[in-house]
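Each remark here refers to the structure printed beneath this line.
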Amino acid sequence: MSTVEALQEALAAEHAAIHVYGTLGAATSLSATPELYERVSLAWAGHRGRRDALEVELRGLGEEPVGTRAAYDAPGPVGTPEQVSATAALLEQRCASTYAALVAATSGARRRAAVAVLTETAVAVLGFGGAAEPLPGLDQQG
């Protein structure tokens with residue numbers, strides 16, 4: 001996979017994460033589950049920042065960033081706080097997979113940045129109750 005292809009895949013994953021975190025945020029309650037609400041809100045903001053940075057990077061390479069789709073399905077149910085947490089953990093695992101691919105397709109500063117985001121997604125999985133993995137993101141690589 002080329003660097004540009006890996007950047008585009010990471011951007012597509014960020015578009016999906018932003019949309020799904022909007023759904024997860026709507027399924028949480030600031031008063032009933034303030035810690036979960038805050039965690040979802042921070043994750044949403046983090047993914048927006050990464051999306052914006054990827055778009056700038058792709059444009060800097062002379063590439064047109066991949067656009068967002070009209071809709072995305074949440075990768076799991078969102079009816080209870082436990083389901084929201086599990087779905088968020090799965091979403092972060094999927095993002096980790098794209099950043100693992102970006103690590104593999106890059107070098108230098110770009111690779112260091114991808115490793116940092118891969119680490120952030122692995123920590124987010126844990127924050128949402130997911131399991132630790134020895135090599136985050138590699139279990140979903142094809």
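- Among all heavy-atom pairs drawn from C95 and A17, the shortest one is SG-CB, 3.9 Å.
- Between atom NE2 of residue H15 and atom CZ of residue R51 there is a gap of 7.0 Å, rounded to the nearest 0.5 Å.
- Cluster annotation: L118 is connected to L11 through the hydrophobic network of ILVMFWY side chains, with a link wherever side-chain heavy atoms come within less than 4.5 Å.
- Considering CZ of R110 and OG1 of T3, their distance stands at 6.0 Å, rounded to 0.5 Å.
- Considering every non-hydrogen atom in both L36 and P81, the closest pair reads CD2-O, 3.6 Å.
- Side-chain atoms of S85 do not come within 3.5 Å of backbone N or O of E82 as any donor-acceptor pair.
- Formation of a donor-acceptor pair under 3.5 Å by the E5 side chain with backbone atoms of M1 is not found in this model.
- Side-chain atoms of V117 and R50, non-hydrogen and from C-beta on, do get closer than 4.5 Å to each other.
- A chain of hydrophobic side-chain contacts below 4.5 Å, direct or via other Ile, Leu, Val, Met, Phe, Trp or Tyr residues, connects Y21 to I18.
- At a threshold of 4.5 Å between side-chain heavy atoms, the hydrophobic network of Ile, Leu, Val, Met, Phe, Trp and Tyr places W44 and L90 in two separate groups.
- Closest heavy-atom contact between V78 and A27: O-CB, 3.4 Å.
- Taking CG of L54 as the reference point, atom CG of L102 lies at 7.5 Å (rounded to 0.5 Å).
- Linking ILVMFWY residues whenever their side-chain heavy atoms come closer than 4.5 Å, directly or via other members, leaves V123 and F128 in distinct clusters.
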Stepwise side-chain contact (heavy atoms from CB on, under 4.5 Å) test for V115 and R111:
CA-CA 6 Å; V115 168; R111 176 175 277 175; 4.3 Å; yes
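- V66 and L61 fall within the same hydrophobic cluster, defined by Ile, Leu, Val, Met, Phe, Trp and Tyr side-chain heavy atoms under 4.5 Å apart, directly or through other members.
- A89 and V125 get closest at one heavy-atom pair: O-CG2, 3.7 Å.
- Using modelled atom types, no side-chain atom of T87 and backbone atom of P75 make a donor-acceptor pair closer than 3.5 Å.
- Between the CZ atom of R59 and the CD atom of E64 there is a distance of 5.5 Å, given to the nearest 0.5 Å.
- Rounding to the nearest 0.5 angstrom, the gap separating the CD atom in E120 from the CD atom in E92 is 9.5 Å.
- T28 OG1 to R39 CZ: the interatomic distance, rounded to the nearest 0.5 Å, is 11.0 Å.
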